[in-house]
Amino acid sequence: MDHTTVGIVGGGPAGLLLARLLHNSGIDCVVLESRDRTYVEQRQRAGILEQSTVDVLRESGAGERLDREGMVHDGIELRWNRRAQRIDFPSLTGGRKVWVYAQTEVVKDLIALQVADGAPLLFEAQVNEVVGADTDRPVIHYTHQGQDRTLGCDYVVGCDGFHGVTRKAVPDGVMSAFERVYPYSWFGILADVPPSCDELIYAHSPRGFALHSMRSATVSRLYLQVPNGTDPADWPDDRIWDELDARFATDGDWRLERGPITSKAVLPMRSFVTEPMRWGRVFLAGDAAHIVPPTGAKGLNLAVSDVVVLARALAHLKDSGSTELLDEYSDTCLRRVWRAEHFSYFMTTTLHTDPGQSAFETRLQLSQLDRVSSSRHAAAELAENYAGLHIG
Ligand code: RFL
Ligand code: PHB
């Protein structure tokens, strides 16, 4: 049986960044990723990085292209009732900003560094089972190139997302799960057209939520709230643009530019937390431990902060022999996780229209948006959460 200090299940942003941070601390690890490299590098997901995420990527050595190509944003725009209100992050948060740099690019940069260093990163390595979480030597069973293999580890970290297998290594009843599934989904498109805005637009509308984001100066990313189970085939391009036009409509002077749509996908939305995020020598990080709906742009940032806490704890163990920080891992992460859960829930329920929502509930949403636009305190609360809080 092969052996490593830290076996990492999953090569998404959490697993790849953890591997990078451990490598930089001289701790050996192996990343096992079930998909092939191209698939992992092209999976469309997050777009917004908090300042602290950018700082970590830079320190890890993965900040060079981000600094060249990432777009710094000082705020977002909220729209409702044909009104528009800008939320300015630096003035409300003591100087914080966010970066628009796609998750696909973060993943490409991290993979390139691992490959350049010859650090162990196996694609098409399907982990079937993690056993022995409560022993001194947990074992990962996986299949690679048609062969069943085993990897003995001092520690196993499940970075294998919401549908991963590592969580199943924990006996029933040890972890508590908290969950909310939303009665709507996001329909996301990529379009070859310059963004029609300088900053992201989050729009509340009687027709449902819409978001205008971007990937570059020439590629726009847009989302529409749609019913669960929506089939993208029912949405020809003209219908998408007409619906976006209707939901972003303002009394101001603004036009949504249209262009060729290159990708369409429907994404269900969920809030989910497992507590604790550790059992014996098995740790969970990122989406394996918690999911947020994308409205607050927190998922990737949470994954990054989990693995920073974990890498620091493993380095502390290596340097001092003390498991003190490892023992605090779950509590340290969960404080930030629950803050992000609340913020993502707040953004989601304030901006989306529930099927069957009453006029009373709509009035409450509009009052909340009005409050954010008329109170510096309310705006600062939103800005601090969006741009990232110092927790843990
Ligand atoms: P990932 O990215 O799901 O990676 C898990 C990896 O594990 C692999 N895997 C396995 N490997 C081996 N054996 C097995 N048995 C395995 N099972 C799974 C998978 O192939 C995969 O490569 O989890 P990770 O690393 O924790 O990263 C989390 C983020 O991907 C996620 O939180 C964000 O994408 C969420 N998110 C956003 N987060 C932000 O911070 N800002 C955003 O703007 C933002 N926008 C979004 C988002 C998520 C979205 N979707 C798709 C729900 C927008 C969308 C539309
Ligand atoms: C994105 O660009 O994909 C994106 C941006 C902000 C969000 C969610 C997704 O809140």
Side-chain angles (χ1 to χ4, degrees), residues 7-19 30-37 39-50 53 71 73 76 98-104 106-107 110-111 121-130 140-144 157-169 185-190 195 199-202 209 211-216 219-223 263 265-270 272 284-307 337 340 343-344 347-348 351 386 388:
I8 301 175
V9 186
L16 292 167
L17 180 61
L18 178 62
V30 176
V31 181
L32 302 171
E33 164 58 47
S34 57
R35 301 290 193 152
D36 65 40
R37 180 171 174 177
Y39 182 92
V40 172
E41 290 187 341
Q42 290 179 358
R43 193 166 35 196
Q44 270 308 318
R45 290 231 174 139
I48 299 290
L49 308 180
E50 294 174 9
T53 298
M71 297 176 278
H73 281 202
I76 56 169
V98 296
W99 270 251
V100 177
Y101 189 67
Q103 181 167 325
T104 46
V106 173
V107 163
L110 289 167
I111 289 175
L121 164 58
L122 270 61
F123 291 101
E124 298 176 79
Q126 171 77 38
V127 172
N128 305 312
E129 200 181 14
V130 175
I140 300 176
H141 294 275
Y142 68 102
T143 307
H144 185 48
V157 186
C159 296
D160 44 354
F162 180 67
H163 298 289
V165 296
T166 312
R167 238 181 14 244
K168 301 188 183 104
S185 301
W186 275 17
F187 183 28
I189 63 154
L190 276 176
E199 295 175 338
L200 272 59
I201 305 172
Y202 289 79
F209 170 76
L211 170 62
H212 192 323
S213 181
M214 59 198 71
R215 288 290 174 266
S216 69
V219 176
S220 296
R221 175 82 166 144
L222 295 119
Y223 298 96
S263 141
V266 172
L267 319 151
M269 293 167 68
R270 174 191 307 274
F272 172 80
L284 300 177
D287 279 15
H290 40 73
I291 297 283
V292 285
T295 327
K298 288 288 153 227
L300 172 58
N301 296 292
L302 276 184
V304 167
S305 56
D306 285 353
V307 299
V337 167
F343 177 63
S344 306
M347 288 288 280
T348 303
L351 291 165
Y386 195 99

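Ligands are counted one by one from 1 in listed order, and the atoms in each one are counted from 1 as well.
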* Per-atom contacts, ligand 1 versus L267 - under 4.0 Å to a heavy atom -> 51 (C), 55 (C)

* **Name of the residue among L200, V98, I48 meeting side chain to side chain contact (heavy atoms under 4.5 Å, CB included) with I76** => L200

* To do: Answer side chain, backbone, both or neither: which part of M269 comes under 4.0 Å from ligand 1, heavy atoms only.
  => neither

* Asked: Is any N or O atom of P268, backbone or side chain, closer than 3.5 Å to an N or O atom of ligand 1?
  -> no

* **Heteroatom proximity flag, G299 to ligand 1, N/O under 3.5 Å** => yes

* **Protein residue, atom and distance nearest to atom 2 (O) of ligand 2, heavy-atom basis** => S213 OG, 2.6 Å

* Structure fact -> Residue, atom and distance of the protein heavy atom nearest atom 20 (O) of ligand 1 read E33 OE2, 2.7 Å

* State whether the shortest distance between N or O atoms of Y202 and N or O atoms of ligand 2 falls below 3.5 angstrom. => yes

* Is the backbone N or O of R221 less than 3.5 Å from a side-chain atom of R215, with the two atoms forming a donor-acceptor pair by type? -> no

* Asked: Do A14 and ligand 1 have an N or O pair less than 3.5 Å apart?
  -> yes

* Asked: Just going by heavy-atom distances, which of S34, P294, P13, A102 is nearest to atom 53 (C) of ligand 1?
  -> P294

* To do: Identify, for atom 36 (N) of ligand 1, the protein heavy atom at the shortest distance, and state residue, atom and that distance.
  => A46 CB, 3.6 Å

* Can you label the angle between the W186 ring and the F209 ring as parallel, tilted or perpendicular, going by 30° and 60°? => parallel

* When rounded to the nearest 0.5 angstrom, what distance separates CD in Q42 from CZ in R37? -> 11.0 Å

* **ligand 1 atoms in contact with R43 (distance to a heavy atom under 4.0 Å)** => 19 (C), 20 (O), 21 (C), 22 (O)

* Does any N or O atom in A297 lie less than 3.5 angstrom from one in ligand 1, N or O only? -> yes

* Is there any N or O on I48 that sits under 3.5 Å from an N or O of ligand 2? -> no

* To do: May I ask you to identify the nearest protein heavy atom to atom 8 (C) of ligand 2, giving residue, atom name and distance to one decimal place in Å?
  => P294 O, 3.3 Å

* Would you check, one step at a time, whether the test side-chain contact (heavy atoms from CB on, under 4.5 Å) holds for H290 with D306? => CA-CA 10 Å; H290 40 73; D306 285 353; 2.6 Å; yes

* **Check: Q44 N/O within less than 3.5 Å of ligand 1 N/O** => no

* Asked: Closer than 4.0 angstrom: is that true for some heavy atom of R45 and an atom of ligand 2?
  -> yes

* Ignoring hydrogens and geometry, is there a side-chain-to-backbone donor-acceptor pair from D287 to G299 under 3.5 Å? -> no

* Structure fact -> Short version for L32: what comes under 4.0 Å of ligand 1, heavy atoms counted, is backbone

* To do: Test L121 against L16 for side-chain contact (heavy atoms from CB on, under 4.5 Å), laying out the working first.
  => CA-CA 9 Å; L121 164 58; L16 292 167; 4.0 Å; yes

* **Per-residue contact class, A288 against ligand 1 - non-hydrogen pairs under 4.0 Å** => neither

* Please verify whether a non-hydrogen atom of R215 lies at under 4.0 Å from ligand 2. => yes

* **Atoms in ligand 1 with a heavy atom of Q103 nearer than 4.0 Å** => 2 (O), 29 (C), 30 (O), 33 (C), 34 (O)

* To do: Could you tell me whether the side chain of K298 and the main chain of Y386 form a donor-acceptor pair under 3.5 Å?
  => yes

* To do: Rounded to the nearest 0.5 Å, what's the gap from CD1 on I189 to CG on L222? Could you check?
  => 5.0 Å

* Can you sort out which atoms of ligand 1 are near G286, meaning under 4.0 Å from one of its heavy atoms? => 26 (O)

* V106 and L49: CA distance, side-chain angles, deciding distance, side-chain contact (heavy atoms from CB on, under 4.5 Å) verdict -> CA-CA 10 Å; V106 173; L49 308 180; 4.1 Å; yes

* Asked: Heavy atom of A125 under 4.0 Å from ligand 1?
  -> yes

* Structure fact -> Looking only at protein heavy atoms, what sits closest to atom 4 (O) of ligand 1 is G12 CA, 3.5 Å

* Among all protein heavy atoms, pick out the one at the shortest distance from atom 26 (O) of ligand 1; state its residue, atom name and that distance to 0.1 Å. => D287 N, 2.8 Å

* Asked: Which atoms of ligand 2 have any heavy atom of L200 under 4.0 Å away?
  -> 5 (C), 6 (C)

* Looking only at N/O atoms, are W186 and ligand 1 under 3.5 Å apart anywhere? -> no

* Structure fact -> Ranked by distance from atom 38 (N) of ligand 1, the top protein heavy atom is L300 N, 2.9 Å

* Asked: Taking only heavy atoms of G47, which atoms of ligand 1 are found under 4.0 Å from at least one of them?
  -> 42 (C), 43 (O)

* Asked: Has V100 got any heavy atom lying under 4.0 angstrom from an atom of ligand 2?
  -> no

* Structure fact -> Numbered in order shown, the ligand 1 atoms found under 4.0 Å of a heavy atom of R35 are 20 (O)

* Quick one: do V9 and L32 satisfy side-chain contact (heavy atoms from CB on, under 4.5 Å)? Show the steps, please. => CA-CA 5 Å; V9 186; L32 302 171; 5.6 Å; no

* To do: Kindly compute the distance separating CD (E124) from OG1 (T143), expressed to the nearest 0.5 Å.
  => 12.0 Å

* To do: From the options R45, E50, H290, select the one whose nearest heavy atom is closest to atom 51 (C) of ligand 1.
  => R45

* To do: Specify the protein heavy atom at minimum distance from atom 3 (O) of ligand 2: its residue, its atom name, and the distance to 0.1 Å.
  => Y223 OH, 2.6 Å

* Mind checking side chain to side chain donor-acceptor pair (under 3.5 Å) for T295 and listing every partner two or more places apart, or none if nothing turns up? => T348

* **Lys/Arg N to Asp/Glu carboxylate O, K168 vs E129, below 4.0 Å** => no

* Numbered atoms of ligand 1 (with element) below 4.0 Å of C159, judged on heavy atoms -> 5 (C), 6 (C), 7 (O)

* To do: Report the part of W186 in contact with ligand 2, treating N, CA, C, O as backbone and CB onward as side chain, heavy atoms under 4.0 Å; options are side chain, backbone, both, neither.
  => side chain

